[in-house]
Amino acid sequence: MAIPNKVNSICCIGAGYVGGPTMAVIAQKCPHIRVTVVDINADRIAAWNDGDLENLPVYEPGLAEVVGEARGRNLFFTTQVEKAIQEAEMIFISVNTPTKMYGIGKGKAADLKYVELCARQIAKCANGDKIVVEKSTLPVRTAESVKRILEAEESNHSFAILSNPEFLAEGTAVKDLHRPDRMLIGGEQTEEGRRAINALVEVYANWIPRERLLTTKVWSSELSKLTANAFLAQRVSSINAISALCEKTGADVDEVANAIGTDSRIGSKFLKSSVGFGGSCFQKDILNLVYLCHHFGLPEVAEYWEQVVKMNDYQKHRFAKQVIDTLFNTVSGKKITFLGWAFKKDTNDTRESAAIYVAHELLQDQAEIHVYDPKVKEEQIISDIEYLLKNPSGYASSALPENWRELVVVYREPVMALKRAHAIAVLTEWDEFAEYDWQSVYKEMYKPAFVFDGRNILDGEQMRQIGFEYKGIGKGE
Ligand code: NAD
Ligand code: UGA
């Protein structure tokens, strides 16, 4: 046997936000390839297999249709990791790579224990030559470690390692997977490496134009992923930094963003000022980049990128502080309604959502936090607050009032969440928030009725006409 240059069977380890949707689209677009997604989390696998497509563990517009088309045909979800590895010619590693919370590199480096466990498991049970694809976001030169682990087991099998980072954004995952700007494949410049690259190119070429399939050295591919996220997050922090200046000077950040975005060298995307970026990756990937720069003796480069995260912490803190300052310097005993908890619209993912940090700061001041999010469940909201309590970071300290649990109320409908509120904070840009009957909301609130629009999705002028004390981000008065 040799490394194949065309594959008929794929296994993906990790059925999360990336593994699930990515493999569902591969299966949809390549009916001739058998795709098996495995996970050690049995509940997650059961949810992927749920007869009711509404219950899939990941909410993404259009995903249920894709899963519905391929599941049971050539797309399978199972906890039988070993069997799936043995049956596959190509194995994707799509497990989580969170920030390390212990030991050397604590708070910055990527924790690669899950990736290492996958490599060991593949090495242990491989029954032939395999192509191993890094889909998880990894520090540059991880492929080297993966290869060493795979080759440490004494067997006659060969392994080719590819780096194929994922660039999908949550909320638009299916669209991004169907029509990616590019698909990046890094591989070794050897005979085996080239065969492996070709095998993966052939998979994606089933629906992605060949000119969008970029092939590079492994190290370039690994580093490009961290760099892309760092650049994107940097744009958000840059416009958020300007939003603070707008508020002081009477400028309007959306007008500034529009004015600079029309310059084709700058471009208009990713210039939406907000309460701060969230999501599982921006912060962790930048911190990982910072760690790598220190590791390679580049402290000035490390400091440069770390500032992107610091500015984001500052933006979340600035928002919370503005709520407290505006409500006469205390929110104790006041009902603050949070519209949105997810880190962006059209996803049920809450990882690193700005809402969690703002809630913490307001709870420290003994506010009552009343939350409505169309897709996030109560257990998730409570566990997010508990997690930050155990792992304080940024401006969120560990000190919450002992009775904090009683201060957090979660609703399944917006009406009661908004009734008799002292203030409303928009934390996620769900479309439905802009469509509420704000006149009726106003009538039911305590006066003065404050609205803090952390996403600038409401019409400030109209809100003021209704009678609200409206504050947007970067909207100088
Ligand atoms: P996730 O936490 O949603 O999913 C990871 C899954 O891997 C979990 O279900 C976990 O149970 C499983 N897992 C861990 N170890 C395992 C093992 N040994 N065997 C089997 N299953 C195992 O994570 P995610 O959001 O899908 O992210 C995965 C990777 O993709 C990360 O490196 C992330 O940085 C990267 N990424 C994420 C996104 C995104 O939008 N979420 C986008 C691009 C890249
Ligand atoms: C981001 C990248 O966009 C993806 O390319 C990448 O694959 C992914 O991270 C990853 O590696 O996990 P994602 O975090 O899902 O995707 O969503 P984004 O649309 O990038 O938004 C991230 C955060 O920035 C959100 O909180 C969003 O509200 C915020 N944001 C984004 C702004 O505040 N302003 C903007 O102009 C854009």
Side-chain angles (χ1 to χ4, degrees), residues 11-23 37-45 47-48 57-58 60 77-82 84-85 92-99 110-122 134-139 142 164-173 176-177 180-181 225-226 228-233 235-240 243 253-254 257 261 268-286 288 312 315-316 340 342-347 349-355 427-429 454-456 473:
C11 158
C12 173
I13 309 180
Y17 282 87
V18 168
T22 311
M23 292 302 127
V37 191
V38 296
D39 204 294
I40 41 175
N41 181 337
D43 290 341
R44 221 168 202 189
I45 290 298
W48 281 112
V58 171
E60 279 292 337
F77 295 93
T78 169
T79 50
Q80 293 184 304
V81 182
E82 236 177 82
I85 290 173
F92 284 77
I93 299 180
S94 187
V95 298
N96 35 330
T97 49
T99 303
D111 189 344
L112 298 179
K113 72 176 169 214
Y114 305 105
V115 173
E116 185 179 332
L117 278 172
C118 290
R120 289 189 188 282
Q121 188 150 25
I122 296 169
E134 298 174 345
K135 187 53 113 176
S136 296
T137 301
L138 297 169
T142 304
N164 173 221
E166 185 49 60
F167 294 99
L168 68 79
E170 290 181 27
T172 52
D176 296 340
L177 289 164
D181 286 346
K225 174 62 198 177
L226 291 184
N229 274 358
F231 269 59
L232 290 169
R235 280 176 73 95
V236 179
S237 275
S238 296
I239 198 70
N240 281 344
S243 76
V253 75
D254 286 330
S268 61
K269 291 182 182 162
F270 259 74
L271 287 180
K272 185 79 191 150
S273 187
S274 68
V275 55
F277 63 73
S280 62
C281 294
F282 277 179
Q283 177 168 308
K284 104 172 152 56
D285 291 349
I286 294 176
N288 186 1
N312 196 48
Q315 187 75 346
K316 294 180 277 189
F343 80 96
K344 63 186 282 198
K345 74 172 181 178
D346 291 338
T347 177
D349 195 347
T350 64
R351 290 176 288 181
E352 291 298 329
S353 179
L427 276 308
T428 314
E429 72 282 22
R455 297 291 184 163
N456 287 347
I473 300 273

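Order of appearance sets the numbers: ligands from 1, and atoms from 1 within every ligand. Every value quoted in this text rests on a predicted model; they were computed, and no experiment measured them. Atom set for the values below is all heavy atoms of this structure, side chains included, hydrogens, waters and symmetry mates excluded.
Using 4.0 Å as the threshold, Ser280 has no heavy atom nearer than that to any atom of ligand 2.
When non-hydrogen atoms are compared, ligand 2 lies under 4.0 Å from the backbone of Leu271 (N, CA, C, O) but not from its side chain. At a heavy-atom distance under 4.0 Å, no atom of Gln283 approaches ligand 2. Contact annotation: for Glu166 versus ligand 2, heavy atoms closer than 4.0 Å belong to the backbone alone. With a heavy-atom cut-off of 4.0 Å, Leu138 does not touch ligand 1 at all.
For ligand 2, the atoms closer than 4.0 angstrom to any heavy atom of Leu232 are 2 (C), 3 (O). For ligand 2, the atoms closer than 4.0 angstrom to any heavy atom of Ser274 are 32 (C), 33 (O). Close approach to Cys281 involves these atoms of ligand 2, each under 4.0 Å from a residue heavy atom: 10 (C), 11 (O), 12 (O). Which parts of ligand 2 touch Lys225 is read off a 4.0 Å heavy-atom cut-off, strictly below it: atoms 6 (C), 7 (O), 10 (C), 11 (O).
Under 4.0 Å is where a charged nitrogen must lie from a carboxylate oxygen, and between Glu170 and Arg351 at least one such pair does.
Among protein heavy atoms, the minimum distance from atom 18 (N) of ligand 1 is reached at Cys118 SG, 3.9 Å.
In this structure, of Glu429, Gln315, Arg455, Lys345, the residue bringing a heavy atom nearest to atom 27 (C) of ligand 2 is Arg455. With atom 4 (O) of ligand 1 as the reference point, the heavy atom nearest to it among Pro57, Pro98, Gly16, Gly14 is part of Gly16. The closest non-hydrogen atom to atom 5 (O) of ligand 2, taken over Phe270, Phe167, Phe343, comes from Phe167.
Partner of Lys135 under the side-chain contact (heavy atoms from CB on, under 4.5 Å) criterion, chosen from Val95, Asn164, Ile93: Asn164. Only one option out of Phe343, Phe282, Phe270 pairs with Phe277 in a ring pair (Phe, Tyr, Trp, His ring centres under 6.0 Å); it is Phe282.
Close N/O approach between Tyr114 and ligand 1 is not found [any backbone or side-chain N/O within under 3.5 Å]. On a distance-only criterion, Lys225 and ligand 1 share no N/O pair closer than 3.5 Å.
Between Gln315 and Ile473, some side-chain heavy-atom pair lies under the 4.5 Å cut-off.
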